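Keep in mind that what you see is a predicted model, and the values were worked out from it rather than measured. Computation of the quantities below employed the complete heavy-atom set of this structure, encompassing side-chain atoms and omitting hydrogens, waters and symmetry-equivalent molecules. Each chain gets a letter, A, B and so on, in the order its sequence line appears, and its residues count up from 1.
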Protein chains: 2
Amino acid sequence: MLEVFRALAEPSRLQIVDLLCGEPLPVGSVAERLGIRQPQASKHLRALTDAGLLEVRHDAQRRIYALRGQPFRDLDMWLSRYRTLFEEQFEKLDSLLEELKLEERKKSQSPKKRLPAKPRLRS
Amino acid sequence: MLEVFRALAEPSRLQIVDLLCGEPLPVGSVAERLGIRQPQASKHLRALTDAGLLEVRHDAQRRIYALRGQPFRDLDMWLSRYRTLFEEQFEKLDSLLEELKLEERKKSQSPKKRLPAKPRLRS
DNA sequence: TACGACTATTCGTGTCAAGGAATATTTTGA
DNA sequence: TCAAAATATTCCTTGACACGAATAGTCGTA
């Protein structure tokens, strides 16, 4: 997962992934469409392949790169851990924060009272 | 999107996100649970905030960091572009890989001979 | 076999960012 | 206002990596 993020954390490589989403392409086409030189294209394709994002097919002298499904499924699964979060996050957060405040007040024996919550979550 | 990937492409920061998925936390707790020093925690939290992944709440001297939903929704949308891809690719992929295997075996047995069939991914 | 087309790798260089240590800043309470 | 707690920032060094240029490897064909 870290490897996937690392691989995608580069402009050219992100572009390549977007590009290969449409169709598999040989190195030369990738280089041409991105406006980069062939060696750089090869390097980035290599990095993406090492990260498990691409697979290669040999066609004569050509190497045709295509997206692999697995890492995207992995990413989807990773995301799903947060998917539920955005829906009920707000109430949970608020109640938690209030609990924290209450505890501190108790601990410090403070006479100050600020019970009403300030849900300043998204600006 | 690039910024999000860049922010997540670092072990500590990925851990922080995983950590804050459970509950919002102040800097000190983050540092402690990750086994890193406070300045580093502050820096990483700053990076994540700059990337739009976190939001801060002030509680006395404490800064309590919490996940924001938006970037994850963005990521989900970005992923959706590929979602259709890895559903129909299965059969194609399997047949392609088998064909490749056959080809290689043939090559190692009787070199200089090509299979007439060229597997195309998306024609 | 030699050549041309296509791709991969190596090497040197410069840039950016992470870690560590020290210090500045903010906020609360006495 | 001063001290302490919590956090942020700065400076420095170092390692990772992206780029360019040159070179090496691979494959089909004449």
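- Remark: the backbone N or O of A:G52 is paired with a side-chain donor or acceptor of A:R68 at under 3.5 angstrom.
- Although no hydrogens or angles enter the test, the distance criterion places a donor-acceptor pair under 3.5 Å between the side chain of A:T49 and the main chain of A:L45.
- In this structure, the NE2 atom of B:H58 is 13 Å from the C1' atom of C:dT25, given to the nearest Å.
- Here the nucleotide nearest the side chain of B:Q61, chosen from D:dA5, D:dT9, C:dT7, is D:dA5.
- Distance CG (B:L45) to P (C:dA17): 18 Å, rounded to an integer number of Å.
- Residues A:L8 and A:L53 form a side-chain contact, since some pair of their non-hydrogen atoms from C-beta on lies under 4.5 Å apart.
- A residue-by-residue look at B:K43 and B:G28 shows that B:G28 has its nearest nucleotide of DNA chain D further toward the 5' end.
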Pick out the pairs of N or O atoms, protein on one side and nucleotides 12-15 of chain C on the other, that lie under 3.5 Å.
none

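- Distance from the side chain of A:R62 is smallest for C:dC6 among the nucleotides D:dT7, C:dT9, C:dC6.
- Proximity of A:Q38 to A:V27: side-chain heavy atoms (C-beta onward) are separated by under 4.5 Å at one or more points.
- Sorted by first and then second residue, the salt bridge (charged side-chain N to carboxylate O under 4.0 Å, His left out) pairs involving residues 4-21 of chain A (not counting sequence neighbours) are A:E3-A:R6, A:D18-B:R81.
- If you take CZ of A:R37 and C1' of C:dT9, they are 17 Å apart, rounded to a whole angstrom.
- A:D76 has a carboxylate O that lies under 4.0 Å from a charged side-chain N of A:R83, or vice versa, which qualifies the two as a salt bridge.
- Inter-residue side-chain proximity for A:P26 and A:D59 is flagged as unmet; no heavy-atom pair is nearer than 4.5 Å.
- Close to D:dA6, at under 4.0 Å from its OP1 or OP2, lies no side-chain N or O of B:Y65.
- With sequence neighbours left out, the salt bridge (charged side-chain N to carboxylate O under 4.0 Å, His left out) criterion links A:R63 to no other residue.
- When each of A:I36 and A:R63 is assigned the nucleotide of DNA chain D bearing its nearest heavy atom, the one mapping closer to the 5' terminus is A:I36.
- The six-membered or imidazole ring of B:F5 lies near that of B:W78, with a centre-to-centre distance under 6.0 Å.
- Straight-line distance from the CD1 atom of A:I64 to the P atom of C:dA8: 12 Å, rounded to whole Å.
- Residues forming a side chain to side chain donor-acceptor pair (under 3.5 Å) with A:R37 (at least two apart in sequence, or on another chain): none.
- Distance, A:D50 CG to C:dT9 C1': 13 Å, rounded to whole Å.
- Partners of B:D50 by salt bridge (charged side-chain N to carboxylate O under 4.0 Å, His left out), not counting sequence neighbours, listed by chain and number: B:R46.
- Counting to the nearest Å, the P atom of C:dA18 and the CG atom of A:L2 are 12 Å from each other.
- Shown here are the side chain to side chain donor-acceptor pair (under 3.5 Å) partners of B:E32, two or more places apart in sequence or in another chain: there are none.
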Dump every N/O contact between nucleotides 22-24 of chain C and the protein below 3.5 Å, one line per pair.
none

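- Comparing the axis of the opening five pairs of the helix from C:dT1-D:dA30 to C:dT15-D:dA16 with that of the closing five pairs yields an angle of 20°, rounded to 10°.
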Please list, for nucleotides 16-18 of chain D, all pairs of protein and nucleotide N/O atoms separated by less than 3.5 Å.
{"unit_1": "D:dA18", "atom_1": "OP1", "unit_2": "A:R13", "atom_2": "NH2", "d": "3.1"}
{"unit_1": "D:dA18", "atom_1": "OP2", "unit_2": "A:R13", "atom_2": "NH1", "d": "3.3"}

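- With sequence neighbours excluded, no residue satisfies side chain to side chain donor-acceptor pair (under 3.5 Å) with B:S12.
- Partners of A:Q61 according to the side chain to side chain donor-acceptor pair (under 3.5 Å) rule, which considers only residues two or more places apart in sequence or in another chain, do not exist here.
- Listed nucleotides D:dA8, D:dC19, C:dT9 differ in distance to A:R46; the shortest reach to its side chain belongs to C:dT9.
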